[in-house]
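Below, chain A is the first sequence line, B the second, and so on; all start at residue 1.
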Protein chains: 2
Amino acid sequence: MPTATSDDDRDPDLVAVQESPAAAGGPTRPTGLDRERILRAAVDFIDEHGLAALTMRRLGASLGVEAMALYRYVPGREDLLDGIVERVTETLFDDEDGDELHIEQHTGWQDYLMRLAHGVRRIALAHPSVFPLVASRPPAAPWVRPPLRSLRVVESFLGTLSEAGFSDQAAVAAYRAYSSFLLGHLLLEVTQIGAQVSLLDQPEGDPEAQRTTDLSEYPSLLRTEPLLSLDKSAAEFEESLENLLDRLERVLHEAKNSDGEVGDLA
Amino acid sequence: MPTATSDDDRDPDLVAVQESPAAAGGPTRPTGLDRERILRAAVDFIDEHGLAALTMRRLGASLGVEAMALYRYVPGREDLLDGIVERVTETLFDDEDGDELHIEQHTGWQDYLMRLAHGVRRIALAHPSVFPLVASRPPAAPWVRPPLRSLRVVESFLGTLSEAGFSDQAAVAAYRAYSSFLLGHLLLEVTQIGAQVSLLDQPEGDPEAQRTTDLSEYPSLLRTEPLLSLDKSAAEFEESLENLLDRLERVLHEAKNSDGEVGDLA
DNA sequence: GCCCGGCGGTTTACGCCGTAAACGACCCGA
DNA sequence: TCGGGTCGTTTACGGCGTAAACCGCCGGGC
């Protein structure tokens, strides 16, 4: 049972990631380095070998080139990581059909927030090993909250909510609650994916000693362990998201009714 | 606006951290290495210089000793990091008065969840640079979700909710929603702290060019920028936490009324 | 008193890291 | 023909984690 959503239907945010033609195996690449090609190779590399394995030397090798060659297109490792994050998060916009994020495109702010959330989740699930980078790289401005990292997205978020009748305070509070929700849920979800695969490719040692930790001192854990091991990420994401939207809607309506008081959400 | 700390009273989770006597400056320490002393020094070091600055050599130097001396007490760097996390999270139990976490101690599951949340938040705020480690270190079992990392805490969590009438499914779902909430909120809060200090000690360059990014293309951002820069972390934490508890309470009561159906929260 | 084993810390060494700097090869317009 | 630019390589340096050899010292058995 891999990463099933509810018990038997598919997770709409889990899209098959097709191998870029002849990208995986050989260290050769016809010719012509280029910042864009480097970033693409870096993302592929992290997807395949994990974040910790990414070094300038190895990334160079994966492009059939010495490490120092990369420095002609990338100022240094830190900037490379920033570029990776930027590249991955930018796929929010070419997702789906054109740009789903434009205000005129969607039907209401709830629809907008749901599209945005699933867009970010799709990115996280497509690149589980890259997502911790999206979560932890220092943001451009101190009030930019991962995983909503680009000013363009934050602007679109605040603009949409404003237009829908949210006060500035309420919109900002919504932005904060929304980003906390996304970060917490998705970071835990991709971590769990990573933990599972790193368990799978470590079947060494005698198969008996590989037994899970002794839970005999923890009766509740022992009893609920099968439940804890079930993956309900997709359903829980949906549930939490809808709950957040309900809460925002309550704030919005309260502000409209008693409109002397500012619906502040905090 | 219920229990939230409003604009001007103190944050109860922000406790003053007193300097350990003569710990900050000199690299000297009387004598006698010891795993516990090493871990303490490591936490102090990270608090002072940041996570990235921690190396075996420098940690050794901060104890007046060569790097290799540490290896007599710590198998390696990875294990050191695990030890740091364990040491920091264990202070959950000696917080407050004895162990606040025992089931008999508190009055109801809501009170328990609030104490637990504020306990974790206190840890995060006391060691902002360590918390990302708490959040990202691979957990002991795949279903252990940071920042609630110890089996003891998870057991206590599930036991408390079970005893309060939650079904096993509902308790597990609550555990997941709760850990997502804590992780998302606290990680963003400590990140913001780190960003602010790292901005403060970088006042170099000519003071004019240090101007913040140009926001003229982003009208909503431009308008709400002062609001975005306001720190309302404590109040928002409280608000989100209370909302989560309300949601859990709803689940619990629905399950009790129509008790053929399982309140599943997801 | 002497010796000697092991405890606790140091020295040395190895391979990998990020990256500065010098160095070619190759191409193309004057 | 040539001289400069572009693009990648080579070489080198300091710092990293850590394996292995080394050594001073101290306490107990003879």
Got a sec, which residues hit side-chain contact (heavy atoms from CB on, under 4.5 Å) with B:S179, two or more places apart in sequence or on another chain? A:L188, B:R145
Salt bridge A:D79-A:R35, side-chain N to carboxylate O under 4.0 Å: yes
Quick one, give me the B/S/- string for nucleotides 17-27 of chain D, reading 5' to 3', where B means a protein heavy atom under 4.0 Å from the base and S means that only happens at the primed atoms, P, OP1 or OP2. BBBB-------
Side chain of A:Y73 only, heavy atoms from C-beta on: which candidate in D:dT9, C:dG9, D:dC7 is closest? D:dC7
Does the ring of B:F181 carry B:R176 above it, NZ/CZ under 6.0 angstrom from centre and within 45° of its axis? no
Quiz: residues 64-72 of chain B side-chain donor-acceptor pairs under 3.5 angstrom, not counting sequence neighbours:
none

For the pair made of CD in A:E66 and P in D:dA12, what is the distance, rounded to whole Å? 15 Å
Separation of B:L63 atom CG from C:dG8 atom P, in whole Å? 15 Å
Could you tell me how far apart B:L59 (CG) and D:dC16 (P) are, to the nearest whole angstrom? 12 Å
For B:H118 and B:F237, I'd like to know if the aromatic rings sit close, meaning centre-to-centre distance below 6.0 Å. yes
When you check the gap from the basic side-chain N to the acidic O, do B:D34 and B:R40 get nearer than 4.0 Å? no
What is the separation between atom CZ on B:R37 and atom P on C:dG8, rounded to the nearest whole Å? 13 Å
